[in-house]
Engineer: 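Mind looking over this structure? Questions follow.
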Amino acid sequence: MESLNIFTYNAQEYIREIAKAGTNSDITLYHRKDGDRIFTFIEPSKYPDKLSSLTDSIFPADIAVISGKNLDKHFGEVIVALDLMGKKMDL
């Protein structure tokens, strides 16, 4: 069975449509099983209030899916953090 961890930012409505909510604390995990694949979507639910929420949700991610619907300083911080941590992004 293959698994993929996906960091998400500004994509809450989309993720809630395709996956079921799991653990919720400083980060929120959503899960989806599709055939032999398991997808875990990781959202920094306490960011920007807690910077550790952002880094804790980026670290385990294989890829990142972010939405540019709100182009503000927090969006820029997310892009910089993803780049510094060497993560690929689908904008």
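A quick note: this is a predicted structure, and the numbers were derived from the prediction, not measured.
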Engineer: CG/Asn5 to CG/Leu29 distance, rounded to the nearest 0.5 angstrom?
Structural biologist: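 So the gap between those two atoms works out to 8.5 Å.
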Engineer: For side chain to side chain contact (heavy atoms under 4.5 Å, CB included), just list the numbers for Ile66 and Leu82, CA-CA rounded to whole Å, side-chain angles, deciding distance to a tenth of an Å, and then say yes or no.
Structural biologist: CA-CA 10 Å; Ile66 61 175; Leu82 286 165; 4.2 Å; yes
Engineer: Do Asp62 and Ile6 make a side-chain contact, defined as non-hydrogen atoms from C-beta onward lying under 4.5 Å apart?
Structural biologist: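 No, their side chains stay 4.5 Å or more apart.
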Engineer: Examine distances only and state if a side-chain atom of Thr8 and a backbone atom of Ile15 form a donor-acceptor pair shorter than 3.5 Å.
Structural biologist: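 No, Thr8 side chain to Ile15 backbone: no donor-acceptor pair under 3.5 Å.
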Engineer: Distance-only check: which donor-acceptor pairs under 3.5 Å involve side-chain atoms of residues 48-57, not counting sequence neighbours?
Structural biologist:
unit_1 : atom_1 : unit_2 : atom_2 : d
Lys50  : NZ     : Asp26  : OD2    : 2.6
Ser53  : OG     : Asp26  : O      : 2.6
Ser53  : OG     : Lys46  : N      : 3.3
Thr55  : OG1    : Ser52  : O      : 3.3
Ser57  : OG     : Ser53  : O      : 2.9
Ser57  : OG     : Leu54  : O      : 2.9

Engineer: With sequence neighbours left out, write down each residue that passes ring pair (Phe, Tyr, Trp, His ring centres under 6.0 Å) with Tyr47, or none if nothing qualifies.
Structural biologist: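 With sequence neighbours excluded, Tyr47 shows a ring pair (Phe, Tyr, Trp, His ring centres under 6.0 Å) to His74, given in chain and number order.
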Engineer: By side chain to side chain contact (heavy atoms under 4.5 Å, CB included), which residues pair with Asp36, not counting sequence neighbours?
Structural biologist: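 Partners of Asp36 by the side chain to side chain contact (heavy atoms under 4.5 Å, CB included) criterion come out as none, since no residue qualifies.
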Engineer: Over all heavy atoms of both residues, which pair between Gly68 and Phe75 is shortest? Give the atoms and the distance, please.
Structural biologist: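 Closest heavy-atom pair between Gly68 and Phe75: CA-CE1, 3.6 Å.
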Engineer: Sort and list the pairs that fulfil ring pair (Phe, Tyr, Trp, His ring centres under 6.0 Å) and have at least one residue in residues 4-28, not counting sequence neighbours.
Structural biologist: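 Output for this query is empty, none listed.
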Engineer: Is Tyr30 reachable from Ile38 through a run of I, L, V, M, F, W or Y residues, each pair having side-chain heavy atoms under 4.5 Å apart?
Structural biologist: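 Hydrophobic grouping puts Ile38 apart from Tyr30.
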Engineer: Among all residues two or more places apart in sequence or in another chain, which pass the ring pair (Phe, Tyr, Trp, His ring centres under 6.0 Å) test with His31?
Structural biologist: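 Per chain and number, His31 pairs via ring pair (Phe, Tyr, Trp, His ring centres under 6.0 Å) with no residue.
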Engineer: Can you list every pair that meets salt bridge (Lys or Arg N to Asp or Glu O under 4.0 Å) and has a residue in residues 2-16, with sequence neighbours left out?
Structural biologist: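 Residue pairs with at least one partner in residues 2-16: Glu2-Arg37, Glu13-Lys69.
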Engineer: Taking the side chain as everything from C-beta on, heavy atoms only, tell me whether Ile27 gets closer than 4.5 Å to Glu43.
Structural biologist: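 SC-SC contact between Ile27 and Glu43 ruled out.
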Engineer: Between Pro60 and Ile42, which heavy-atom pair has the shortest distance, and what is it?
Structural biologist: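 Heavy atoms only, the tightest pair is CG-CD1, 3.8 Å.
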Engineer: Checking side chain to side chain contact (heavy atoms under 4.5 Å, CB included) for the pair Ile18/Phe41: CA distance, chi angles, key distance, verdict?
Structural biologist: CA-CA 10 Å; Ile18 64 169; Phe41 299 91; 3.7 Å; yes
Engineer: Scan residues 50-72 for pairs that pass ring pair (Phe, Tyr, Trp, His ring centres under 6.0 Å), counting only residues two or more places apart or in two chains.
Structural biologist: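 The answer is none; no pair qualifies.
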Engineer: Run Ile58 and Lys87 through side chain to side chain contact (heavy atoms under 4.5 Å, CB included) and show every step you take.
Structural biologist: CA-CA 8 Å; Ile58 291 175; Lys87 303 300 178 173; 3.7 Å; yes
Engineer: Go through the structure and list residues passing side chain to side chain donor-acceptor pair (under 3.5 Å) with Thr40, not counting sequence neighbours.
Structural biologist: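 Partners of Thr40 under the side chain to side chain donor-acceptor pair (under 3.5 Å) test: none.
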Engineer: Under the side chain to side chain donor-acceptor pair (under 3.5 Å) rule, collect the residues that match up with Ser3, sequence neighbours excluded.
Structural biologist: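 With sequence neighbours excluded, Ser3 shows a side chain to side chain donor-acceptor pair (under 3.5 Å) to no residue whatsoever.
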